[in-house]
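Only heavy atoms go into these numbers, but all of them, side chains included; no hydrogens, no water, no symmetry mates.
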Protein chains: 2
Amino acid sequence: MPKRLTHEGAECPVARAVDVIGDRWSLLIVRDAFDGISRFSEFQRNLGLAKNILSSRLRELVAHEILEVLPAADGSAYHEYALTQKGRDLFAILVSLRQWGEGHLFDEAEPHSVLLDVKTKRPLRKLEVADAAGRILEPSEAFVRKVD
Amino acid sequence: MPKRLTHEGAECPVARAVDVIGDRWSLLIVRDAFDGISRFSEFQRNLGLAKNILSSRLRELVAHEILEVLPAADGSAYHEYALTQKGRDLFAILVSLRQWGEGHLFDEAEPHSVLLDVKTKRPLRKLEVADAAGRILEPSEAFVRKVD
DNA sequence: CCGTATCCATTCCGATACTG
DNA sequence: CAGTATCGGAATGGATACGG
(Lines give C-alpha, C1' and ligand atoms only; values in the text may rest on other atoms or scores of the structure.)
Protein backbone atom coordinates (compact mmCIF):
# COMPACT_ATOMS: atom_id res chain seq x y z
CA MET A 1 0.00 0.00 0.00
CA PRO A 2 1.76 3.16 -1.16
CA LYS A 3 1.20 5.83 1.41
CA ARG A 4 2.38 9.39 0.86
CA LEU A 5 5.24 10.10 3.19
CA THR A 6 5.47 13.40 5.04
CA HIS A 7 8.36 15.37 6.44
CA GLU A 8 6.64 16.38 9.64
CA GLY A 9 9.14 14.43 11.68
CA ALA A 10 12.15 15.71 9.75
CA GLU A 11 14.94 17.47 11.57
CA CYS A 12 15.29 19.93 8.70
CA PRO A 13 13.09 22.99 9.19
CA VAL A 14 12.84 23.51 5.44
CA ALA A 15 11.34 20.07 5.02
CA ARG A 16 8.74 20.68 7.71
CA ALA A 17 7.86 24.05 6.25
CA VAL A 18 7.43 22.58 2.79
CA ASP A 19 5.20 19.96 4.30
CA VAL A 20 2.90 22.64 5.69
CA ILE A 21 2.81 25.24 2.91
CA GLY A 22 4.45 23.49 -0.03
CA ASP A 23 1.53 23.09 -2.34
CA ARG A 24 0.02 25.06 -5.18
CA TRP A 25 -2.57 27.03 -3.22
CA SER A 26 -1.72 27.59 0.44
CA LEU A 27 0.78 30.39 -0.06
CA LEU A 28 -1.51 32.14 -2.52
CA ILE A 29 -4.31 32.04 0.02
CA VAL A 30 -1.92 33.53 2.56
CA ARG A 31 -0.87 36.16 0.04
CA ASP A 32 -4.49 37.16 -0.41
CA ALA A 33 -4.95 37.24 3.34
CA PHE A 34 -2.10 39.76 3.53
CA ASP A 35 -4.01 41.83 1.00
CA GLY A 36 -6.98 41.91 3.32
CA ILE A 37 -9.05 39.11 1.84
CA SER A 38 -11.02 37.38 4.57
CA ARG A 39 -14.14 35.79 3.11
CA PHE A 40 -14.59 32.46 1.43
CA SER A 41 -16.06 33.89 -1.75
CA GLU A 42 -13.42 36.55 -2.03
CA PHE A 43 -10.67 33.94 -1.97
CA GLN A 44 -12.58 31.83 -4.41
CA ARG A 45 -13.21 34.58 -6.91
CA ASN A 46 -9.74 36.02 -6.59
CA LEU A 47 -7.86 32.75 -6.95
CA GLY A 48 -10.20 30.95 -9.29
CA LEU A 49 -9.81 27.61 -7.55
CA ALA A 50 -12.50 25.04 -6.93
CA LYS A 51 -14.54 25.51 -3.80
CA ASN A 52 -13.86 22.09 -2.38
CA ILE A 53 -10.12 22.69 -2.69
CA LEU A 54 -10.43 26.09 -1.08
CA SER A 55 -12.46 24.60 1.71
CA SER A 56 -9.86 21.91 2.29
CA ARG A 57 -6.93 24.35 2.23
CA LEU A 58 -8.62 26.79 4.60
CA ARG A 59 -9.24 23.95 7.03
CA GLU A 60 -5.61 22.91 6.87
CA LEU A 61 -4.35 26.46 7.34
CA VAL A 62 -6.60 26.86 10.35
CA ALA A 63 -5.45 23.50 11.73
CA HIS A 64 -1.84 24.67 11.38
CA GLU A 65 -2.75 27.92 13.12
CA ILE A 66 -1.70 30.03 10.17
CA LEU A 67 -5.24 31.33 9.82
CA GLU A 68 -7.90 31.64 12.48
CA VAL A 69 -11.65 31.85 12.19
CA LEU A 70 -13.26 34.99 13.53
CA PRO A 71 -16.98 35.49 14.22
CA ALA A 72 -17.65 37.96 11.37
CA ALA A 73 -16.98 41.65 11.79
CA ASP A 74 -19.98 42.95 9.89
CA GLY A 75 -22.63 41.09 11.81
CA SER A 76 -23.38 38.62 9.06
CA ALA A 77 -23.98 35.01 9.94
CA TYR A 78 -20.69 33.78 8.55
CA HIS A 79 -17.17 34.01 9.83
CA GLU A 80 -13.93 35.44 8.53
CA TYR A 81 -10.43 34.10 8.08
CA ALA A 82 -7.57 36.12 9.49
CA LEU A 83 -3.83 35.62 9.75
CA THR A 84 -2.42 34.63 13.11
CA GLN A 85 1.02 35.77 14.22
CA LYS A 86 2.40 32.52 12.84
CA GLY A 87 0.74 33.36 9.56
CA ARG A 88 2.03 36.92 9.54
CA ASP A 89 5.51 35.51 10.05
CA LEU A 90 5.24 34.05 6.55
CA PHE A 91 5.73 37.57 5.22
CA ALA A 92 9.44 37.17 4.52
CA ILE A 93 8.77 33.96 2.61
CA LEU A 94 6.20 35.63 0.39
CA VAL A 95 8.45 38.62 -0.24
CA SER A 96 11.40 36.42 -1.15
CA LEU A 97 9.22 34.42 -3.52
CA ARG A 98 7.97 37.65 -5.04
CA GLN A 99 11.42 39.09 -5.52
CA TRP A 100 12.72 35.91 -7.09
CA GLY A 101 9.72 35.82 -9.39
CA GLU A 102 10.12 39.46 -10.38
CA GLY A 103 13.76 38.89 -11.20
CA HIS A 104 13.56 35.62 -13.07
CA LEU A 105 10.05 34.89 -14.25
CA PHE A 106 9.11 37.99 -16.24
CA ASP A 107 10.33 39.32 -19.53
CA GLU A 108 11.59 42.86 -19.74
CA ALA A 109 8.70 45.30 -19.67
CA GLU A 110 6.18 42.55 -19.08
CA PRO A 111 3.54 43.88 -16.68
CA HIS A 112 3.67 42.58 -13.14
CA SER A 113 2.63 43.75 -9.72
CA VAL A 114 5.13 45.23 -7.31
CA LEU A 115 5.24 45.59 -3.54
CA LEU A 116 5.75 49.13 -2.31
CA ASP A 117 6.38 50.82 0.99
CA VAL A 118 3.21 52.55 2.15
CA LYS A 119 5.07 55.63 3.31
CA THR A 120 7.56 56.28 0.56
CA LYS A 121 5.83 54.47 -2.32
CA ARG A 122 9.20 53.03 -3.22
CA PRO A 123 10.04 49.37 -3.83
CA LEU A 124 11.23 47.31 -0.91
CA ARG A 125 14.85 46.45 -0.28
CA LYS A 126 15.97 43.17 -1.70
CA LEU A 127 16.01 40.44 0.93
CA GLU A 128 19.55 39.19 1.49
CA VAL A 129 20.92 36.47 3.69
CA ALA A 130 23.35 37.95 6.21
CA ASP A 131 25.45 36.87 9.17
CA ALA A 132 24.85 38.02 12.71
CA ALA A 133 26.79 41.20 12.07
CA GLY A 134 24.82 42.04 8.95
CA ARG A 135 27.36 41.07 6.31
CA ILE A 136 25.69 39.62 3.22
CA LEU A 137 26.47 35.95 2.72
CA GLU A 138 26.80 33.89 -0.41
CA PRO A 139 25.19 30.44 -0.29
CA SER A 140 28.67 28.92 -0.02
CA GLU A 141 29.32 30.89 3.15
CA ALA A 142 26.65 29.06 5.13
CA PHE A 143 26.48 25.45 6.20
CA VAL A 144 24.02 23.18 7.95
CA ARG A 145 24.78 21.69 11.32
CA LYS A 146 22.64 19.11 13.03
CA VAL A 147 21.93 19.84 16.67
CA ASP A 148 20.67 17.48 19.37
CA MET B 1 -12.67 18.54 -19.39
CA PRO B 2 -11.02 19.38 -16.09
CA LYS B 3 -7.57 20.68 -16.85
CA ARG B 4 -5.21 21.83 -14.12
CA LEU B 5 -4.81 25.56 -14.43
CA THR B 6 -1.44 27.23 -14.02
CA HIS B 7 -0.37 30.69 -12.93
CA GLU B 8 2.37 31.08 -15.50
CA GLY B 9 0.58 33.97 -17.12
CA ALA B 10 -0.23 35.66 -13.82
CA GLU B 11 0.84 39.20 -13.19
CA CYS B 12 1.66 38.35 -9.58
CA PRO B 13 5.27 37.20 -9.20
CA VAL B 14 4.34 35.10 -6.17
CA ALA B 15 1.88 33.12 -8.24
CA ARG B 16 4.43 32.46 -10.96
CA ALA B 17 7.04 31.42 -8.42
CA VAL B 18 4.61 29.04 -6.73
CA ASP B 19 3.86 27.59 -10.12
CA VAL B 20 7.53 26.79 -10.64
CA ILE B 21 8.69 25.63 -7.21
CA GLY B 22 5.45 25.22 -5.27
CA ASP B 23 5.34 21.48 -4.83
CA ARG B 24 6.47 18.99 -2.23
CA TRP B 25 9.88 18.15 -3.70
CA SER B 26 11.43 20.86 -5.85
CA LEU B 27 12.61 23.08 -3.03
CA LEU B 28 14.01 20.12 -1.13
CA ILE B 29 15.99 19.09 -4.19
CA VAL B 30 17.31 22.64 -4.42
CA ARG B 31 18.15 22.58 -0.71
CA ASP B 32 20.19 19.43 -1.25
CA ALA B 33 21.89 21.04 -4.23
CA PHE B 34 22.97 23.89 -1.95
CA ASP B 35 24.46 21.25 0.32
CA GLY B 36 26.57 20.00 -2.55
CA ILE B 37 24.44 17.08 -3.70
CA SER B 38 24.81 16.64 -7.43
CA ARG B 39 24.10 13.03 -8.37
CA PHE B 40 20.81 11.32 -9.00
CA SER B 41 21.36 8.59 -6.44
CA GLU B 42 22.46 11.02 -3.78
CA PHE B 43 19.26 12.98 -4.14
CA GLN B 44 17.28 9.80 -4.15
CA ARG B 45 18.87 8.34 -1.05
CA ASN B 46 18.86 11.62 0.80
CA LEU B 47 15.25 12.53 0.08
CA GLY B 48 13.74 9.07 -0.02
CA LEU B 49 11.46 9.87 -2.92
CA ALA B 50 10.55 7.59 -5.79
CA LYS B 51 12.93 7.61 -8.72
CA ASN B 52 10.32 8.45 -11.30
CA ILE B 53 9.29 11.51 -9.31
CA LEU B 54 12.89 12.57 -8.85
CA SER B 55 13.50 12.13 -12.54
CA SER B 56 10.47 14.23 -13.37
CA ARG B 57 11.38 16.99 -10.91
CA LEU B 58 14.99 17.17 -12.07
CA ARG B 59 13.79 17.52 -15.64
CA GLU B 60 11.47 20.34 -14.67
CA LEU B 61 14.15 22.14 -12.69
CA VAL B 62 16.51 21.89 -15.63
CA ALA B 63 13.79 23.11 -17.98
CA HIS B 64 13.25 26.12 -15.73
CA GLU B 65 17.01 26.73 -15.69
CA ILE B 66 17.24 26.34 -11.94
CA LEU B 67 19.54 23.38 -12.36
CA GLU B 68 21.85 22.59 -15.24
CA VAL B 69 23.34 19.32 -16.35
CA LEU B 70 27.12 19.13 -16.33
CA PRO B 71 29.24 16.45 -18.02
CA ALA B 72 30.49 14.74 -14.85
CA ALA B 73 33.49 16.02 -12.99
CA ASP B 74 35.01 12.67 -12.01
CA GLY B 75 35.23 11.22 -15.47
CA SER B 76 32.35 8.81 -15.00
CA ALA B 77 29.92 8.28 -17.81
CA TYR B 78 27.12 10.13 -16.09
CA HIS B 79 26.41 13.77 -15.56
CA GLU B 80 25.83 15.99 -12.58
CA TYR B 81 23.20 18.49 -11.58
CA ALA B 82 24.35 21.92 -10.49
CA LEU B 83 22.58 25.12 -9.50
CA THR B 84 22.51 27.93 -12.02
CA GLN B 85 22.57 31.56 -10.94
CA LYS B 86 18.78 31.54 -11.08
CA GLY B 87 18.85 28.54 -8.77
CA ARG B 88 21.34 30.11 -6.38
CA ASP B 89 19.03 33.10 -6.19
CA LEU B 90 16.54 30.82 -4.42
CA PHE B 91 18.78 31.02 -1.37
CA ALA B 92 16.77 33.70 0.40
CA ILE B 93 13.58 31.69 -0.10
CA LEU B 94 15.12 28.60 1.47
CA VAL B 95 16.51 30.57 4.38
CA SER B 96 13.19 32.26 5.05
CA LEU B 97 11.43 28.90 4.95
CA ARG B 98 14.03 27.51 7.32
CA GLN B 99 13.71 30.35 9.78
CA TRP B 100 9.93 30.15 9.81
CA GLY B 101 10.13 26.41 10.35
CA GLU B 102 12.64 26.77 13.15
CA GLY B 103 10.45 29.29 14.89
CA HIS B 104 7.06 27.67 14.49
CA LEU B 105 7.36 24.00 13.65
CA PHE B 106 9.56 22.61 16.42
CA ASP B 107 8.93 22.07 20.09
CA GLU B 108 11.33 23.52 22.59
CA ALA B 109 14.55 21.51 22.70
CA GLU B 110 13.42 19.31 19.83
CA PRO B 111 16.48 18.57 17.71
CA HIS B 112 16.70 20.35 14.39
CA SER B 113 19.41 21.44 12.01
CA VAL B 114 20.62 25.02 11.94
CA LEU B 115 22.32 27.14 9.30
CA LEU B 116 25.58 28.72 10.43
CA ASP B 117 28.03 31.24 9.06
CA VAL B 118 31.15 29.42 7.86
CA LYS B 119 33.48 32.01 9.30
CA THR B 120 31.99 32.75 12.70
CA LYS B 121 30.03 29.53 13.28
CA ARG B 122 27.19 31.68 14.47
CA PRO B 123 23.55 31.55 13.36
CA LEU B 124 22.49 33.80 10.52
CA ARG B 125 20.62 37.02 10.97
CA LYS B 126 16.88 36.75 10.76
CA LEU B 127 15.59 37.80 7.36
CA GLU B 128 13.41 40.86 7.64
CA VAL B 129 11.44 42.78 5.08
CA ALA B 130 12.72 46.35 4.87
CA ASP B 131 12.15 49.51 2.88
CA ALA B 132 14.72 51.02 0.54
CA ALA B 133 16.41 52.77 3.46
CA GLY B 134 16.66 49.59 5.51
CA ARG B 135 13.84 50.22 7.97
CA ILE B 136 12.06 46.99 8.92
CA LEU B 137 8.49 46.86 7.68
CA GLU B 138 5.43 45.18 9.09
CA PRO B 139 3.19 43.42 6.57
CA SER B 140 0.70 46.25 6.91
CA GLU B 141 3.32 48.76 5.79
CA ALA B 142 3.59 47.30 2.31
CA PHE B 143 1.04 47.20 -0.47
CA VAL B 144 0.76 45.73 -3.94
CA ARG B 145 0.52 47.91 -6.99
CA LYS B 146 -0.18 46.66 -10.48
CA VAL B 147 2.10 48.10 -13.14
CA ASP B 148 1.60 48.14 -16.89
C1' DC C 1 25.69 3.36 -10.77
C1' DC C 2 22.12 6.13 -13.50
C1' DG C 3 18.34 6.39 -14.84
C1' DT C 4 13.65 4.97 -17.71
C1' DA C 5 9.30 2.39 -17.90
C1' DT C 6 5.30 0.50 -16.00
C1' DC C 7 1.75 -0.48 -12.61
C1' DC C 8 -1.28 0.96 -9.20
C1' DA C 9 -3.02 3.56 -5.17
C1' DT C 10 -3.64 8.03 -3.44
C1' DT C 11 -4.22 12.76 -3.85
C1' DC C 12 -5.34 16.95 -6.32
C1' DC C 13 -8.41 19.61 -8.59
C1' DG C 14 -12.14 21.44 -11.58
C1' DA C 15 -17.07 21.17 -12.47
C1' DT C 16 -21.45 20.78 -10.91
C1' DA C 17 -25.30 20.12 -7.91
C1' DC C 18 -27.13 20.93 -3.58
C1' DT C 19 -28.19 22.76 1.36
C1' DG C 20 -28.93 26.44 4.82
C1' DC D 1 -23.20 34.01 0.58
C1' DA D 2 -20.82 30.07 2.61
C1' DG D 3 -19.98 26.20 2.27
C1' DT D 4 -20.67 20.49 1.58
C1' DA D 5 -21.15 16.40 -1.53
C1' DT D 6 -20.02 13.92 -5.39
C1' DC D 7 -18.03 12.84 -9.82
C1' DG D 8 -14.31 12.13 -13.11
C1' DG D 9 -10.02 13.29 -14.98
C1' DA D 10 -5.31 14.52 -14.11
C1' DA D 11 -1.18 14.61 -11.37
C1' DT D 12 1.48 12.65 -7.55
C1' DG D 13 4.07 9.20 -5.67
C1' DG D 14 5.73 4.46 -4.03
C1' DA D 15 7.24 -0.06 -5.65
C1' DT D 16 9.24 -2.76 -8.84
C1' DA D 17 11.32 -4.27 -13.03
C1' DC D 18 14.34 -3.33 -16.58
C1' DG D 19 18.39 -1.53 -19.60
C1' DG D 20 22.77 1.28 -20.32
Side-chain angles (χ1 to χ4, degrees), chain A residues 1-10 15 18-29 32-33 36-64 67-82, chain B residues 1-10 15 18-29 32-33 36-64 67-82:
Chain A
M1 295 82 189
K3 221 14 184 333
R4 237 245 331 253
L5 53 83
T6 75
H7 303 100
E8 50 180 308
V18 166
D19 227 52
V20 171
I21 52 169
D23 70 270
R24 301 222 175 277
W25 290 115
S26 296
L27 280 174
L28 296 181
I29 292 171
D32 277 13
I37 304 293
S38 65
R39 311 284 289 242
F40 189 94
S41 289
E42 290 180 298
F43 286 114
Q44 210 252 321
R45 184 175 44 247
N46 215 39
L47 293 169
L49 84 173
K51 296 203 284 182
N52 54 346
I53 301 298
L54 176 57
S55 178
S56 160
R57 290 300 175 276
L58 287 173
R59 249 196 313 273
E60 290 171 16
L61 289 169
V62 170
H64 284 297
L67 296 179
E68 61 186 334
V69 178
L70 298 182
D74 64 343
S76 75
Y78 303 101
H79 45 251
E80 305 191 339
Y81 299 92
Chain B
M1 296 86 186
K3 247 311 210 2
R4 241 262 307 272
L5 53 85
T6 76
H7 303 100
E8 50 180 309
V18 166
D19 227 53
V20 171
I21 52 170
D23 68 271
R24 302 221 174 272
W25 291 114
S26 296
L27 280 174
L28 296 181
I29 292 171
D32 277 13
I37 303 293
S38 65
R39 312 283 287 242
F40 188 93
S41 290
E42 291 180 296
F43 286 114
Q44 210 252 323
R45 185 175 45 249
N46 215 40
L47 293 169
L49 84 173
K51 295 204 283 185
N52 54 346
I53 300 297
L54 176 58
S55 179
S56 160
R57 290 301 176 278
L58 286 173
R59 247 196 314 274
E60 290 172 15
L61 289 169
V62 170
H64 285 296
L67 296 179
E68 61 185 335
V69 178
L70 298 181
D74 63 344
S76 75
Y78 302 102
H79 45 250
E80 305 191 341
Y81 300 92

Inset, instruction - State whether A:Ser55 places a side-chain N or O below 4.0 Å from either non-bridging phosphate oxygen (OP1 or OP2) of D:dT4. - result: yes

Inset, instruction - Give the rounded distance in Å between these two atoms: CG of B:Leu58 and C1' of D:dG13. - result: 15 Å

Inset, instruction - Walk me through it: do B:Phe43 and B:Asn46 pass the test side chain to side chain contact (heavy atoms under 4.5 Å, CB included)? - result: CA-CA 5 Å; B:Phe43 286 114; B:Asn46 215 40; 5.9 Å; no

Legend entry - Rounded distance (Å) that lies between atom C1' of D:dT12 and atom CD1 of B:Ile29: 13 Å

Legend entry - Rounded distance in Å - CD1 (A:Ile37) to C1' (D:dA2): 15 Å

Legend entry - Spacing of A:Asp23 atom CG relative to C:dC13 atom C1', expressed in whole Å: 12 Å

Inset, instruction - Could you check whether A:Phe43 gets within reach of a base, just the sugar-phosphate, or nothing at all, counting any heavy atom under 4.0 Å? - result: nothing

Inset, instruction - Could you pull out the closest heavy-atom pair between B:Ser26 and B:Arg57, with the gap in Å? - result: OG-CD, 3.7 Å

Inset, instruction - Round to a whole Å and report the spacing from CD of B:Glu60 to P of D:dA11. - result: 11 Å

Legend entry - Residue A:Arg57, side-chain heavy atoms: nucleotide from D:dT4, C:dC12, D:dG3 that is nearest: C:dC12

Inset, instruction - Starting at CD of B:Glu68, measure out to CD of B:Glu80 and round the result to the nearest 0.5 Å. - result: 11.0 Å

Legend entry - Watson-Crick or G-U pairs under 3.5 Å in DNA chain C, rendered as dot-bracket with [ ] for crossing pairs and | for another strand: |.||||||||||||||||||

Inset, instruction - Give a yes/no on whether any side-chain N or O of A:Tyr81 is located under 4.0 angstrom from OP1 or OP2 of D:dG3. - result: yes

Inset, instruction - Begin from the C-alpha positions of B:Asp32 and B:Glu42 and carry the test side chain to side chain contact (heavy atoms under 4.5 Å, CB included) through to its verdict. - result: CA-CA 9 Å; B:Asp32 277 13; B:Glu42 291 180 296; over 6 Å; no

Inset, instruction - Tell me which nucleotide among C:dA15, D:dG13, C:dC2 gets nearest to the side chain of A:Ala50. - result: C:dA15

Inset, instruction - Please report, rounded to the nearest Å, how far the C1' atom of D:dG9 is from the CZ atom of B:Arg4. - result: 13 Å

Inset, instruction - Using a 4.0 Å heavy-atom cut-off across all strands, classify A:Leu49 as base, sugar-phosphate, or nothing. - result: sugar-phosphate

Inset, instruction - Give one of base, sugar-phosphate or nothing for B:Arg59, where a contact means two heavy atoms less than 4.0 Å apart. - result: sugar-phosphate

Inset, instruction - Give the minimum heavy-atom separation between B:Arg24 and A:Asp19, together with the two atoms involved. - result: NH1-O, 3.1 Å

Inset, instruction - Could you tell me the separation between the CD atom of B:Gln44 and the P atom of C:dG3, rounded to a whole number of Å? - result: 11 Å

Legend entry - Smallest separation among heavy atoms of B:Gln44 and B:Leu49, with atom names: NE2-O, 3.0 Å

Inset, instruction - Find the distance between OG (A:Ser38) and OH (A:Tyr78) and round it off to the nearest 0.5 Å. - result: 15.0 Å

Enumerate the protein-to-nucleotides 16-20 of chain D contacts in which both atoms are nitrogen or oxygen and the separation is below 3.5 Å.
from: D:dG20; atom 1: N2; to: B:Tyr78; atom 2: OH; distance (Å): 2.6
from: D:dG20; atom 1: N3; to: B:Tyr78; atom 2: OH; distance (Å): 3.4

Inset, instruction - Would you check if A:His79 and A:Val69 make a side-chain contact, meaning some heavy-atom pair closer than 4.5 Å? - result: yes

Inset, instruction - Taking ring pair (Phe, Tyr, Trp, His ring centres under 6.0 Å) as the test, write out the residues that go with A:Phe40, two or more places apart. - result: none

Inset, instruction - Output the single nucleotide from C:dG14, D:dA2, C:dC2 whose closest atom is nearest the side chain of A:Ile53. - result: C:dG14

Inset, instruction - With the side chain counted from C-beta on, respond yes when A:Leu54 and A:Ile29 share a heavy-atom pair under 4.5 Å apart, and no when they do not. - result: yes

Legend entry - Interatomic distance, A:Leu5 CG vs C:dT10 P [rounded to whole Å]: 15 Å

Inset, instruction - Verify the contact: side-chain N or O of B:Trp25 to OP1 or OP2 of D:dT12, cut-off strictly under 4.0 Å; return yes or no. - result: no

Inset, instruction - Considering just the side-chain nitrogens and oxygens of B:Arg39, establish if one lies under 4.0 Å of OP1 or OP2 belonging to C:dC2. - result: yes

Inset, instruction - Ignoring the backbone of A:Phe40, work out which of D:dG3, C:dC12, C:dC2 is nearest its side chain. - result: D:dG3

